[in-house]
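All remarks here apply to the structure that follows.
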Amino acid sequence: MTSLLNVYVLPPFAVARLGASDTPVDAFDWVENPATHGAGRTVIRPAVSLRVLPDGSIQPYMPSVILFRDGPGHQIRPTAPFFELWGRFDDAADPRPLTETRLEEIGGSLARVSWRVRAANLKAARRTKSPADGFGAEVTVRANEHAPVPLLAVSPNVPGAAPLVLANAPILLGRVQAIRPHPGTELGVDLDVIRIRFTPGVGEVFGPPSATTAADPDAPAGSIRQYEIVPERNRILNDEASWAKFRPTNDLEQPEPADTFDGVLDTATGIGGQSWGVVDDTCDVVIEATVEVGADRFITNARASAGPPDFAPDRRPFMSLADDLADRELPALTPAQIAEQETVEEVADLLRRVFETVSLTNLDALRRMTMSGQQANDLDPVPVTSLPGSMTEVDQPLADKIPSILGPRAPDTRLGYTEVAQDTHSEIADIDNMLNLFRTQAERIRHLPRPPFARIADLPEKPPDRLPTDELGLQPKPVLTPRERDPRVLRDGLHDMRMPPYMRDSDATPLSLTWRQYREVMALIDHLAAIDEDAFAQLAPVRRHVAQVVQRRRAAESEHLRSRGTRR
């Protein structure tokens, strides 16, 4: 008899998105626009989706369109991921889906498969450092129990601390449902696989009875206009909880991101603002599966995170979760890997994602916010770091587009920076344009991306007294030398025009590419500068196609001349 060696839940991590509709969003893929004038832009394409039927089984189908609301002005549809059980057996090297049929063949049953699901929101507890300000739910569902099970979250009982979410007024963090398997395959989907689905909450905010109304910060000066903090039906939290009384007195009491709770902006600095005690129904989820076969017990888990809806689903971030994991686990690419065509395509895809991020960014607003909070200092002697002149004519030759297009009106143009940034990145989202730019303006491009912070092992014992500079441009100007940043240096924590300009990381420092992304881009620029024209032409799709056409025509001409000579 085949033996089960291990079990897995796939995917190991999924993102769920809040929505009040009873109908979840259908599945879709990211693809390049196949239209004649699509220009390689990312679009979404419907993919095979699973409809849960009243008896808990699934029905695969192919949607014709992707709807994110039930209709104009109607409820938002949630993103509700499925998780599958997979197993590794002694008769095969690779894991396979664990189906009810296969489970019964090895002596198991659905009654001995269970899903333990824990969901929690600990954001308030993280600030107050009191577990009583967190709230969560835990349920266990057998694989042969197919009714939806709600995740009703409450705060734990902590001696001496008032719970934020009371047991008689829980917060719904969503629901889980074990899917009923049955033999058969439709549209390539094995219906017999053991699955569970997590559907997140509806997207509500909750507060204590005191979270009624507040002055509207967007109202004109002198206006008495107010807005509702929390709907009356959701004023169910305990106003004796420490979160409802939280008032930070210094930066150390505000973990990053510091200014992101309701009430903090009661003061100009954000310090001393009284929390309104508001929470939402986002959450993190741990899904643990237990499979018992005979005397053996296998336990595995997966995770999910429930967040807000994505209203730009065809726009990808330039730094993904996969990039972050690769940066933590994988070394920099070797010279041999840099020389591969795959690396060119990876960097080209990175620049397409940069364009997609830029297409959603109000660069003018970001620049105003970050520049207003910075001051020049003695470690800021070069044009690329000039404040507040960042991304103006003093930043040439690095900022070459904005000064030449907008000229002196750049600071007064509401979306001038935004428009130029989108136009510029639209051009280099094309792989041939990217390669040409990297090869013809290598020295300038090396200075444009903001370097990441160096890894701790690579930091010098003492930070530099003054940052190194290079001479750049036809009329040489000093610019910062491309070097991995040092968190002990004040200047390395300030914003400037280097890419991505004026965007902040989760710790409030200027955002950069990951360490691995940055090294890949820099190494590719160095590689392109070192190869000859023939090798370069093979990397660029248009040049490669032109070379192939020229080669075929030359071969045809040679054959024509040869045949004429033979006839004579």
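Sequential numbering from 1 along the given sequence is applied to the chain's residues. Being a predicted model, the structure only gives us computed values, none of them experimental.
Counting heavy-atom neighbours within 6.0 Å of Ile456 CD1, excluding the residue itself, gives a total of 12 or less. Within a 6.0 Å radius of NZ in Lys129, other residues, nucleotides and ligands contribute more than 12 heavy atoms. Within a 6.0 Å radius of CG in Asp22, no more than 12 heavy atoms belonging to other residues, nucleotides or ligands are found. For CZ of Arg450, the number of neighbouring non-hydrogen atoms (other residues, nucleotides, ligands) closer than 6.0 Å is greater than 12. By the neighbour-count criterion of 12 heavy atoms within 6.0 Å, atom CG of Asp458 is densely surrounded, having more than that number from other residues, nucleotides or ligands.
One finds the NE2 atom of His146 at 11.5 Å from the CD1 atom of Ile196 (value rounded to the nearest 0.5 Å). For the atom pair CG of Leu164 and OG of Ser242, the computed distance is 8.0 Å after rounding to the nearest 0.5 Å. Here OG1 of Thr370 is found 6.5 Å from OH of Tyr502. Values are rounded to the nearest 0.5 Å. Atom CH2 of Trp30 is separated from atom CG of Asp314 by 9.5 Å, given to the nearest 0.5 angstrom. Interatomic distance, Glu288 CD to Thr300 OG1, rounded to the nearest 0.5 Å: 8.5 Å. Taking CH2 from Trp276 and OG1 from Thr212, the interatomic distance works out to 9.5 Å, rounded to the nearest 0.5 Å.
Arg455 forms a cation-pi arrangement with Trp515, by the criterion of a distance under 6.0 Å to the ring centre and an angle within 45° of the ring axis. Geometrically, Arg17 does not engage Phe68 in a cation-pi contact defined by less than 6.0 Å to the ring centre and at most 45° from the axis. Remark: Arg485 is positioned above the aromatic ring of Phe453, its terminal NZ or CZ atom under 6.0 angstrom from the ring centre and at most 45 degrees off the axis.
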Check your understanding: Which is it for Val279 and Val205 under the side chain to side chain contact (heavy atoms under 4.5 Å, CB included) test, yes or no, and what are the steps along the way?
Key -> CA-CA 6 Å; Val279 298; Val205 293; over 6 Å; no
Exercise for review: Could you please spell out the steps behind the side chain to side chain contact (heavy atoms under 4.5 Å, CB included) verdict for Arg118 and Arg116?
Suggested key: CA-CA 7 Å; Arg118 290 168 288 164; Arg116 179 189 178 206; 3.7 Å; yes
**Study point:** side chain to side chain donor-acceptor pair (under 3.5 Å) between Asp280 and Asn121, worked out
**Key:** CA-CA 8 Å; Asp280 56 37; Asn121 181 321; 3.2 Å; yes
Check your understanding: Between Leu480 and Arg498, does a side chain to side chain contact (heavy atoms under 4.5 Å, CB included) hold up when you go through it step by step?
Key -> CA-CA 10 Å; Leu480 284 175; Arg498 290 178 297 177; 3.7 Å; yes
Review point. Between Arg328 and Thr514, is a side chain to side chain donor-acceptor pair (under 3.5 Å) present by the stated rule, with each step listed?
Key: CA-CA 9 Å; Arg328 295 166 185 259; Thr514 68; over 6 Å; no
Practice item. List the steps and the verdict of salt bridge (charged side-chain N to carboxylate O under 4.0 Å, His left out) for Arg483 and Asp492. Key: CA-CA 10 Å; Arg483 43 168 285 283; Asp492 281 346; 3.0 Å; yes
Review point. What do the steps show when you test Asp281 against Val202 for side chain to side chain contact (heavy atoms under 4.5 Å, CB included), and what is the final call?
Key: CA-CA 8 Å; Asp281 55 358; Val202 301; 3.9 Å; yes
Practice item. Please report the C-alpha distance between Asp284 and Ser305 in whole Å, then the side-chain angles of each, then the deciding distance to 0.1 Å, and finally whether the side chain to side chain donor-acceptor pair (under 3.5 Å) criterion is met. Key: CA-CA 4 Å; Asp284 293 309; Ser305 185; 3.0 Å; yes
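The backbone N or O of Leu363 sits nowhere less than 3.5 Å from a side-chain atom of Thr361 that would complete a donor-acceptor pair. The closest donor-acceptor contact from the side chain of His74 to the backbone of Pro72 lies under 3.5 Å.
Classification of Asp470 and Lys477 as a salt-bridged pair fails, no side-chain N sitting under 4.0 Å from a carboxylate O. A salt bridge does not link Arg126 with Asp133: none of the charged nitrogens is closer than 4.0 Å to a carboxylate oxygen. Salt-bridge annotation for Asp349 and Arg316: present, with a side-chain N of the basic residue lying under 4.0 Å from a carboxylate O of the acidic one. Ion pair Glu228/Arg235 flagged as a salt bridge, since at least one NZ, NE, NH1 or NH2 atom sits closer than 4.0 Å to an Asp/Glu carboxylate oxygen. In this structure, Asp364 does not pair ionically with Arg368, as no charged nitrogen and carboxylate oxygen lie closer than 4.0 Å. Salt-bridge check for Arg77 with Asp70: passed, with a basic side-chain N closer than 4.0 Å to an acidic carboxylate O. Ionic pairing of Arg353 and Asp323 is present here: one or more N-O contacts between side-chain nitrogen and carboxylate oxygen are shorter than 4.0 angstrom. For the pair Glu84 and Arg197, the salt-bridge criterion is not met [side-chain N within less than 4.0 Å of a carboxylate O]. Under a 4.0 Å N-O distance rule, the pair Glu204/Arg233 qualifies as a salt bridge.
Counting heavy atoms from C-beta on, the side chains of Met497 and Leu448 come closer than 4.5 Å. Residues Thr140 and Trp115 are not in side-chain contact: their nearest non-hydrogen atoms beyond the backbone lie 4.5 Å or more apart. A 4.5 Å side-chain heavy-atom check between Val25 and Ile66 finds at least one atom pair inside the cut-off. Counting heavy atoms from C-beta on, the side chains of Ile229 and Thr213 never come closer than 4.5 Å. Within the 4.5 Å cutoff, no side-chain heavy atoms of Ser390 are placed close to those of His495. For the pair Leu415/Asn362, a side-chain contact is recorded, criterion being any heavy-atom separation below 4.5 Å from C-beta on. Contact check for Lys245 versus Glu240: side-chain heavy atoms found under the 4.5 Å cut-off. For the pair Pro449/Met522, a side-chain contact is recorded, criterion being any heavy-atom separation below 4.5 Å from C-beta on.
The minimum heavy-atom distance between Leu85 and Ala289, with the atom names listed, is CD2-CB, 3.8 Å. Looking at every heavy atom in both residues, Ile236 comes nearest to Ala169 through CD1-O, 3.7 Å.
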